[in-house]
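Please read the structure below before turning to the comments.
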Amino acid sequence: MNRREFSAALAAGLLSPRFTGSSRSSRGWFAGRAPTVNGERLNRHLAELARFGANPQGGVTRLAYSDADLQARQYVLGLMRDAKLSATVDAAGNIFGARPGSSSALKPILFGSHIDSVPEGGNYDGNVGSLAAIEVAQSLGEQGITTRHPLQVVIWQNEEGGLYGSRAVSGQLTTEELQNVSRSGKTIADGIKFLGGDPSRLAESRRAKGDIAGYLELHIEQGGTLEREHVDIGIVEGIVGIKQWEVTVTGFANHAGTTPMDQRHDALLSAARFVDAVNRIVTSVPGRQVGTVGRMQAFPGAPNVIPGQVVCTLELRDLDYAKVDMLYSRISTEATRIGNENETTFAFHMLHENVPAPSDPRVRGLIAESARALGLTTKVMPSGAGHDAQAMATLGPMGMIFIPSVGGISHAPKEFSKASDIANGANVLMGALLKLDASSMAVG
Ligand SMILES: [Zn+2]
């Protein structure tokens with residue numbers, strides 16, 4: 001073990017006091033050394049949580065509102081009790097574990113994540129941030145540390161289905177959406193009841209802007225940047241904005257044998273040129289924006305008929321919404337030009353949008369300080385995936401911490417993060433939480 005590996009292992013709490021010659025008591029905290037979590041216990045809890053909804057391939061299918069989801073929540077409630085958190089389920093079905101602060105007049109700091117998964121998902125997405133939050137609370141208790149702000153560890157319900165739990169709390173969830181059918185087969189309303197919430201009293205779970213002193217979430221990166229660049233910790237600059245359109249290309253369906261090549265209005269040919277144009281335009285400007293045509297269907301869809309209509313999608317993502325709009329405008333201009341070549345037309349209908357959620361620059365600074373104190377390297381980066389943190393960003397200062405995902409794989413059984421990186425992430429979370437608690441920013 002070289003010096004860097006040694007300090008990384010030390011920071012990760014993987015070396016026992018016997019080897020480091022120091023203890024994890026609160027004396028270290030008062031002496032100015034950053035307090036750390038029990039990384040070994042955290043990783044053990046993650047392995048235990050992986051049993052609920054376990055797949056033969058090694059990952060989990062723990063759909064929101066399934067039996068596996070409910071059982072995993074019972075397990076988490078047990079961990080909260082062990083961590084001396086007083087646990088409640090709000091009307092929206094989210095689990096909150098509360099720990100009092102020294103000043104009850106202050107607004108709470110929230111931190112946590114989710115434990116539901118996609119079908120055939122992995123063991124780290126959401127789980128790392130959820131169990132790390134509980135581990136931080138337990139470590140604070142064991143080390144006799146009392147924060148000024150009340151703390152609330154939160155396990156959001158149904159993140160993967162569309163941030164239902166966190167959007168209920170931020171007030172973005174509409175009553176109509178309660179009738180949406182989730183992947184479990186239950187409606188959102190029935191799912192909330194199944195988890196012990198009450199959809200008829202959803203308003204009670206709602207919080208207003210300023211009701212929280214801050215929100216922190218640790219999460220796996222779900223991409224390969226940190227691993228590739230050998231960086232320990234990602235400091236999330238914000239969660240990208242997303243716009244999705246349904247694109248209808250209209251031409252003229254005709255006989256594939258008798259219509260000469262120069263007299264065709266082939267909608268699929270235009271759509272194929274469109275796919276290429278999207279890629280060309282999105283990559284023509286510097287930056288980390290992404291653009292995708294993810295679905296396409298040709299009509300009537302027969303080998304011997306020239307496609308008269310194509311319905312496809314366009315999705316654009318970036319932290320900067322103005323850039324998304326600029327790219328869209330270039331793409332639609334190019335679509336018109338492509339259509340003119342063979343007399344087909346393009347029509348765009350917006351399906352869905354998600355405004356970008358920037359993290360708070362001051363919280364980013366606290367995360368950076370916390371990582372530096374632990375000897376960890378950092379990189380400021382956007383999150384290309386959606387997270388509950390984006391709903392919380394509307395209520396108070398938000399910060400997100402990423403740890404490396406091996407191979408950049410996520411939403412799959414091969415999703416993996418190293419035990420040492422998980423411990424590092426939890427330690428950075430703990431440090432950032434204590435700095436946020438002490439800062440004058442989190443006065444509300
Ligand atoms: Zn997640």
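For ligands, and for the atoms within them, numbers begin at 1 and follow the listed sequence. Nothing here was measured: the structure is a model prediction, and the numbers come from that model.
At a cut-off of 2.8 Å, E159 does not coordinate the Zn ion (ligand 1) through any N, O or S atom. Put simply, H387 stays out of reach of the Zn ion (ligand 1), with no N, O or S atom under 2.8 Å from it.
Relative to the ring axis of F96, R207 places its NZ or CZ within 45° and under 6.0 Å from the centre.
Take the N/O/S atoms of D125: the one nearest the Zn ion (ligand 1) is OD1.
A salt bridge links K193 and D190; the closest N-O separation between the charged side-chain nitrogens and carboxylate oxygens is under 4.0 Å. Taking 4.0 Å as the cut-off between side-chain N and carboxylate O, D198 and R201 count as a salt-bridged pair.
Side-chain N/O atoms of S405 and Q222 include no donor and acceptor closer than 3.5 Å.
If you put the vertex on the Zn ion (ligand 1), NE2 of H114 and NE2 of H219 sit 120° apart, to the nearest 10°.
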